[in-house]
Number of protein chains: 2
Amino acid sequence: MAPSAVPVGSNDVAHLPLKLSGKANGASSHVEDVQMEAKDKTQYVLKSYRCLIADLCQQFNMGHPGSAMGMAAIGVALWKYAMKYSPKNAEFSNRDRFVLSNGHACLFQYCFLHLTGYNNMTFEQLTSYHSDRWDSYCPGHPEIEHEGIEVTTGPLGQGIANAVGLAMATKHLGAVYNRPGYDMIDNMTWVTIGDACLQEGVGMEAIQLAGHWRLSNLCVIYDNNQITCDGSVDICNAAEDINPKMRATGFHVIDVEDGNYDVEAIVKALVTARASQDKPTFINIKTTIGVGSAKANNADSHGAPFGKDEVANIKKNFGMDPSKHFEVPQDVYDFFREAVPRGQQLEKDWNALLSKYSAEYPELAKDFKKQMNGEMLDDWTKYIPKKEDLPTAPTPSRKSAGLACNPMAQNVRNFMVGTADLTPSVNMTWKDKKDFQHPDLRTACGINGDYTGRYIHWGIREHAMASISNGMAAFKQGCILPVTSSFFMFYIYAAPGVRMGALQGLQVIHIATHDSIGTGEDGPTHQPIELASLYRAMPNFLYIRPCDSEEACGAFLSAVAAKHTPSMISVARQNTQQYPQHSSRDGVQKGAYVFIEEEDADVTLIGVGAEMVFAVDSAKVLKEKHGIKARVVSFPCQRLFEKQPIEYKREVLQYRSKAPRVIIEAYSVNGWERYADAGYSMHSFGHSLPRDYVYGRFNFDAAKIAAKVAPLVEDVRKDGVESLRGEFRDLNADYERDVFHSAFGTSHVLS
Amino acid sequence: MAPSAVPVGSNDVAHLPLKLSGKANGASSHVEDVQMEAKDKTQYVLKSYRCLIADLCQQFNMGHPGSAMGMAAIGVALWKYAMKYSPKNAEFSNRDRFVLSNGHACLFQYCFLHLTGYNNMTFEQLTSYHSDRWDSYCPGHPEIEHEGIEVTTGPLGQGIANAVGLAMATKHLGAVYNRPGYDMIDNMTWVTIGDACLQEGVGMEAIQLAGHWRLSNLCVIYDNNQITCDGSVDICNAAEDINPKMRATGFHVIDVEDGNYDVEAIVKALVTARASQDKPTFINIKTTIGVGSAKANNADSHGAPFGKDEVANIKKNFGMDPSKHFEVPQDVYDFFREAVPRGQQLEKDWNALLSKYSAEYPELAKDFKKQMNGEMLDDWTKYIPKKEDLPTAPTPSRKSAGLACNPMAQNVRNFMVGTADLTPSVNMTWKDKKDFQHPDLRTACGINGDYTGRYIHWGIREHAMASISNGMAAFKQGCILPVTSSFFMFYIYAAPGVRMGALQGLQVIHIATHDSIGTGEDGPTHQPIELASLYRAMPNFLYIRPCDSEEACGAFLSAVAAKHTPSMISVARQNTQQYPQHSSRDGVQKGAYVFIEEEDADVTLIGVGAEMVFAVDSAKVLKEKHGIKARVVSFPCQRLFEKQPIEYKREVLQYRSKAPRVIIEAYSVNGWERYADAGYSMHSFGHSLPRDYVYGRFNFDAAKIAAKVAPLVEDVRKDGVESLRGEFRDLNADYERDVFHSAFGTSHVLS
């Protein structure tokens with residue numbers, strides 16, 4: 001916000017000197033000009049707001065009033081004094097980003113959006129909280145679809161991770177585009193958290209990374225009320241001393257003792273945070289949950305309304321009229337609505353700066369506008385290799401993924417590619433890639449970088465990798481395309497973040513290597529037998545398993561084109577056969593396609609990803625040894641296939657034929673029953689064996705598969721294919737049971 | 001270990017005085033008696049061991065040598081001096097537990113198991129590491145199935161969480177059973193970690209909890225080599241100062257400067273850790289990955305062998321003979337094998353103590369033996385309510401779960417029940433429940449406890465809740481039965497831990513409330529549309545959705561009986577209809593059963609959990625409005641159903657009938673295609689609406705469902721049921737698309 005300020009050097013801000021001299025994170029020259037409103041006025045605003053929260057929860061007898069009331073002074077400090085934003089243009093590019101990581105306190109955000117004059121957050125909308133209106137802008141947790149909401153929050157720990165991603169985006173774009181005198185992108189990211197975000201692992205991972213990257217434009221505002229659902233926080237976190245812990249993690253720490261009423265102290269802390277040039281800031285603000293009510297400082301005020309009598313009492317306590325409901329006096333509006341012209345001025349100034357910038361740096365400005373507009377900076381499709389340039393010898397499909405992605409990532413600067421500490425395994429780097437790092441970092445291994453870098457070392461933090469990537473993608477949709485990478489198995493750690501990306505329609509591409517059981521020696525802990533079932537069932541998500549380099553190119557064509565849908569491209573560690581005569585990038589984009597056609601086939605074998613080789617080779621064995629004609633379908637992505645017209649589906653899968661279909665995949669078969677009558681699949685967690693042996697161990701072997709498919713075909717000849725209806729056959733179940741018993745005596749595993 | 005000692009009061013251990021006077025965590029009176037071996041002997045052992053590691057990785061040109069070599073001195077300090085264990089009886093009840101949380105360094109553990117004389121870890125077995133032997137005891141990560149391995153590790157962060165659980169089990173059992181002079185259970189838990197476990201969220205959650213509970217019997221040994229796969233740790237963790245951070249989290253911290261060679265300093269630190277009476281201990285040991293090789297202190301030594309020439313160089317560097325391979329000189333065996341008689345003496349002493357204890361406390365001793373033998377302390381089945389005692393009015397199934405579980409948990413002391421900060425929502429407490437807490441804790445809200453307590457406040461840490469519970473369950477199989485609870489949606493955070501429980505056959509019961517979309521106002525972030533697909537696909541796991549109180553009783557009968565299989569009982573927030581005339585606990589245990597039979601039915605409706613009401617009510621509407629006869633099947637658990645004989649399956653689902661089957665569930669339908677021809681399901685993430693409205697919003701309404709089922713039945717009458725084969729019908733897909741478009745203009749969500 002342009003006019004944000006307090007006298008400098010106050011004693012209230014204990015741990016940090018106010019160093020507003022340097023220009024950092026959008027601190028403006030107006031700093032000394034603005035005065036705080038009179039204290040009594042501010043206190044009146046706090047009371048009005050708190051009564052409004054109590055009413056809003058009481059209305060439908062549901063909701064979370066406690067922390068929304070506790071944070072009142074934080075809200076005033078943010079929206080009235082500290083934040084840069086424009087209520088009439090929620091999308092203003094260089095706005096400060098605000099994330100409510102304690103999303104259950106959503107009324108806090110909704111009320112301030114209303115009070116400061118956001119278009120959509122009318123009074124009528126505000127009072128739709130917890131109503132039966134399906135078109136309410138006030139859902140139980142903030143949702144990205146609605147004006148003024150940067151990211152959907154609610155699952156605890158996600159919002160703070162998103163905020164780290166938003167702050168990274170600012171640092172990156174600023175480093176790329178800003179020039180002396182032209183700080184085109186220098187916004188702050190403010191994130192409020194409760195006790196939960198300091199307990200959830202993903203929150204702690206994200207905090208570590210913010211410290212590591214010295215994101216001085218990030219301010220974590222801790223609503224320290226020491227209450228969670230179960231009682232006081234000391235029932236599950238009595239030993240922790242949070243301030244030294246945060247300092248040891250690379251944060252500045254500021255205490256605010258009276259967070260309930262002392263708006264000035266909070267403003268000072270926020271202004272100090274904005275002025276930081278070297279580290280993110282953690283403001284530890286002591287508040288009282290449900291302040292002003294009889295349930296203050298009590299878990300009872302967290303997630304339930306107070307009851308009519310107590311709402312009346314709250315109003316009496318605050319000297320307000322208990323007979324009035326949803327009362328927003330005009331002077332409260334007046335208090336906040338200066339935000340509207342202030343925001344318009346902010347935009348005007350920025351647009352003027354953009355004009356001068358465009359004149360002085362025309363090429364750069366062109367790119368800047370393009371990227372801020374969510375467009376790709378270059379035609380990405382031209383960097384995906386042509387079929388004729390792909391390898392024909394067996395190639396690990398993880399390498400194929402790199403072949404398809406790396407030239408794009410290298411040349412199209414919207415891409416930011418990272419890995420959860422598996423650079424040597426995932427093959428997602430390119431020549432002369434530069435890391436995203438603080439420019440002053442000097443590492444022991446000599447790999448450094450700066451904020452213009454587009455390769456990210458996430459450390460061993462898969463969950464934060466996914467959740468922070470969502471934040472980068474949310475900075476401005478289409479502006480940055482984050483690509484993450486790890487072993488597929490460890491996307492089970494990242495799943496909550498991946499889900500939140502799908503739910504929000506944020507495009508992130510996840511490269512999941514070492515899929516299936518081919519990871520070998522690492523054993524069952526690293527063999528993701530059942531995880532694909534989650535990602536295939538997840539709405540608005542593409543889980544794609546390409547079988548070779550050509551299919552990997554198809555996977556990227558689908559994933560990069562899906563502007564509002566995240567994807568996972570699932571590839572194998574081991575060499576996979578290349579099928580230039582069969583595989584098709586166009587086919588991948590349809591989800592499934594005929595790989596090898598055969599007239600009057602007796603059976604359709606469905607091959608997927610690294611297991612395609614078994615489908616193709618079994619088809620040969622079936623013909624040669626069993627006199628059975630098999631056609632082969634490649635099926636890299638169920639969701640893409642579902643989008644095809646029924647005619648195409650019938651052509652590929654031959655629903656109406658008399659031939660059965662068999663899916664061959666080294667995963668749990670769940671979900672394939674839609675497309676197949678029988679499955680050759682996994683029923684246990686795998687085994688530690690060298691990659692060339694582990695498939696054999698679980699009977700993935702063309703001869704064995706053919707030996708199980710042949711009797712199925714026989715049965716169908718005898719009893720008709722309708723005999724299979726509702727009796728899906730697990731062709732590999734018996735084999736696997738044998739394996740387990742012979743290995744360790746009686747199996748204790750219920751497969 | 002009985003004889004463990006060094007001179008007291010050395011200056012090497014900087015941060016803590018050695019306070020061995022008090023008796024803590026099995027510190028024995030032998031402390032002053034034992035001397036360190038001569039230094040040159042120790043150094044010779046270190047060299048031999050390190051060369052052996054290099055050889056073992058070189059043999060099959062695979063493996064993780066670096067940290068196993070770096071930790072040599074830590075291993076000698078543990079197995080030679082600090083740990084209490086008995087190689088000839090790996091299951092000795094009061095043994096110290098050792099967890100290799102950096103599981104990729106498994107050779108470290110395998111070698112010391114071999115050197116100290118564990119029965120199964122023969123030299124032949126040791127050299128099977130990374131071989132093609134499927135019966136190797138040396139998989140790529142330690143696995144619980146094998147002698148001397150406490151838990152399966154590998155996925156980073158899991159092991160340290162397991163270790164916290166093991167330490168909790170010791171504290172709990174000790175508090176329950178120990179009496180003055182009879183410390184029947186007072187073992188230490190030692191856990192080694194690398195840099196990764198300090199970055200993974202679950203590791204940080206577990207560390208917080210260990211600090212909170214003041215688990216003085218836990219020692220975290222940090223193999224601080226500052227190297228991960230991608231390079232030096234400062235590329236992703238440069239800002240963190242770990243020692244003050246650990247102190248701020250409630251740990252004692254001890255530094256060891258030369259962790260490569262200074263065994264004595266490590267022993268001192270370990271002995272000091274054992275002596276702690278108030279806090280867990282973090283030993284920060286500086287080591288060099290791949291020490292002795294040319295790749296020392298380099299990421300290249302992490303996950304790949306050195307190459308033949310370099311292995312020879314390593315041996316030369318250490319003054320060993322490069323022409324010799326897998327050399328274990330007799331004096332190295334002699335150095336370690338004193339562990340055998342020492343362990344036997346330990347057992348003998350403990351058994352003698354047990355005899356005296358049994359004489360003095362016969363009742364207590366009886367229970368102690370029973371529990372340590374993995375038996376339930378009481379007949380748990382008798383506490384599950386009888387059908388006639390269950391409510392008949394609509395009841396939230398989360399309450400039903402409490403009705404079934406709480407009397408058991410109250411009376412059968414093997415149960416330890418906890419929640420991730422949702423006590424008010426999950427209904428899993430009982431009268432006079434006592435919390436598991438440090439006895440000195442005095443909380444602000446007045447809820448205290450001690451180590452005998454069996455109710456656990458996990459805080460907002462779902463992942464650690466699951467992973468630590470695995471550790472409690474692993475203390476001695478069957479000894480403690482952990483029950484966790486949270487919203488079903490947040491078991492996506494816990495999934496990596498839940499999976500590790502299933503993989504290890506560790507019985508933990510997870511109570512997942514607020515399933516389906518009935519959670520209402522909390523919105524799509526809290527509506528677990530797709531998560532059941534993961535848990536239904538997970539091997540060795542029971543995902544059970546009971547529809548009413550009777551079925552909830554059935555769910556617990558299955559879950560508690562499954563001694564080697566974890567379960568999830570998935571229940572709803574909202575009132576669910578009770579069906580005493582239809583529902584059956586026996587039916588639940590078969591996975592699915594006929595709920596309402598109908599002769600010559602036109603259609604079978606499959607109802608599940610909270611959506612059963614739609615199946616039952618649609619059947620009525622179909623009959624009354626459409627003249628269609630519908631039978632209803634209840635299907636709470638797919639895996640249990642799969643275990644039934646084919647005859648039973650045919651009877652329930654009538655595979656061979658001409659009537660179609662329709663699954664009705666407010667989840668992604670993936671996986672139900674095995675049992676149904678059509679699905680009435682969810683295709684998006686849900687919506688924030690009051691619970692009574694959210695179902696309607698997604699067309700879960702008996703009349704609407706019937707209106708979609710009727711044309712299906714018509715089609716089947718016309719075209720035959722075989723027309724449905726391979727063309728699974730999504731009966732609710734069109735409705736949902738409409739919903740989205742009308743709500744927010746063009747949907748950006750690819751459903």
Side-chain angles (χ1 to χ4, degrees), chain A residues 132 139-140 154 196 199 201-202 204-205 211-212 228-232 234-236 239 241 244-245 248 250 421 423 443-445 457 459-461 492-493 495-496 503 505 521-523 525 530 533-534 537-540 564-565 655 668 670-671 673-674 684-685 688 693 722 726 728 748-750, chain B residues 132 139-141 154 196 199 201-202 204-205 211-212 228-232 234-236 239 241 244-245 248 250 421 423 443-445 457 459-461 492-493 496 503 505 521-523 525 530 533-534 537-540 564-565 655 668 670-671 673-674 684-685 688 693 722 726 728 748-750:
Chain A
D132 58 0
Q199 295 181 19
V202 64
M204 290 188 275
E205 292 177 10
H212 168 72
T228 63
C229 295
D230 275 13
S232 49
D234 50 6
I235 67 174
C236 64
D241 194 354
K245 184 178 174 186
D421 193 45
T423 297
T443 65
C445 64
H457 295 282
I460 302 105
R461 306 178 182 97
I492 195 171
Y493 282 64
L503 190 153
E521 298 89 342
D522 279 339
T525 59
E530 75 285 31
S533 295
L534 173 67
M538 189 175 279
N540 194 37
H564 301 288
T565 300
Y655 287 148
S668 299
N670 306 50
E673 300 95 335
R674 180 181 284 247
S684 69
F685 284 107
S688 169
Y693 292 87
E722 51 279 5
F728 187 87
H748 69 234
V749 175
L750 182 70
Chain B
D132 58 359
H141 294 87
Q199 296 182 18
V202 63
M204 290 188 274
E205 292 178 8
H212 169 72
T228 65
C229 294
D230 275 13
S232 50
D234 50 6
I235 67 173
C236 64
D241 194 355
K245 184 178 175 188
D421 193 46
T423 297
T443 65
C445 65
H457 294 283
I460 303 105
R461 305 178 183 98
I492 196 172
Y493 283 64
L503 191 154
E521 297 88 343
D522 280 338
T525 59
E530 76 284 31
S533 295
L534 173 67
M538 189 176 279
N540 194 37
H564 301 288
T565 300
Y655 288 147
S668 298
N670 306 49
E673 300 95 335
R674 180 182 283 246
S684 69
F685 285 107
S688 169
Y693 292 86
E722 51 280 4
F728 188 87
H748 69 233
V749 174
L750 180 71

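Letters A, B, ... mirror the listed sequences (proteins, then strands); counts begin at 1. Everything numeric here is computed off the predicted structure, so don't read it as measured data.
- With chain B as the partner, the residue from A/Gly201, A/Gly459, A/Gly154 showing the most heavy-atom pairs under 4.5 Å is A/Gly201.
- The two residues A/Asp522 and B/His141 make their nearest non-hydrogen contact at O-ND1, 2.8 Å.
- Open room surrounds OH on A/Tyr693; 12 or fewer heavy atoms of other groups in view lie less than 6.0 Å from it.
- For the pair A/Ser688 (side chain) and B/Pro139 (backbone), a donor-acceptor distance under 3.5 Å is absent.
- Counting heavy-atom pairs closer than 4.5 Å to chain B, the top residue among A/Gly231, A/Ser668, A/Ala537 is A/Ala537.
- A distance of 11.5 Å separates OG1 of A/Thr443 from CG of B/Asp230, quoted to the nearest 0.5 Å.
- Contact tally against chain A (heavy-atom pairs below 4.5 Å) for B/Ser533, B/Gly211, B/Cys445, B/Gly523: the top residue is B/Cys445.
- Chain B forms more heavy-atom pairs under 4.5 Å with one residue of A/Gly250, A/Ala444, A/Ala248, A/Ala495 than with any other, namely A/Ala248.
- Ranked by heavy-atom pairs under 4.5 Å with chain B, the list A/Arg674, A/Met204, A/Glu722 is led by A/Arg674.
- Side-chain contact check for A/Glu530 versus B/Pro539: some heavy-atom pair is nearer than 4.5 Å.
- Side-chain contact between A/Asp421 and B/Cys236 is absent, with no heavy-atom pair separated by less than 4.5 Å.
- Heavy-atom pairs under 4.5 Å with chain A were tallied for B/Gln199, B/Glu673, B/Glu205, B/Lys245; the largest tally goes to B/Gln199.
- Residues passing the ring-ring contact (aromatic ring centres under 6.0 Å, His included) test with B/His457, sequence neighbours excluded: B/Tyr455.
- For A/Tyr493, the parts lying under 4.5 angstrom from a heavy atom of chain B are both the backbone and the side chain.
- In this structure, CG on B/Leu503 lies 5.0 Å from CZ on A/Phe685, to the nearest 0.5 angstrom.
- Checked by atom type and distance alone, the side chain of A/Asn670 never pairs as donor or acceptor with a backbone atom of B/Gly671 at under 3.5 Å.
- If you tally non-hydrogen atom pairs under 4.5 Å between each of B/Leu534, B/Asp234, B/Val202, B/Asp241 and chain A, the highest count goes to B/Asp234.
- Under the 3.5 Å distance criterion, the side-chain polar atoms of B/Glu521 are left unmatched by any main-chain donor or acceptor of A/Gly140.
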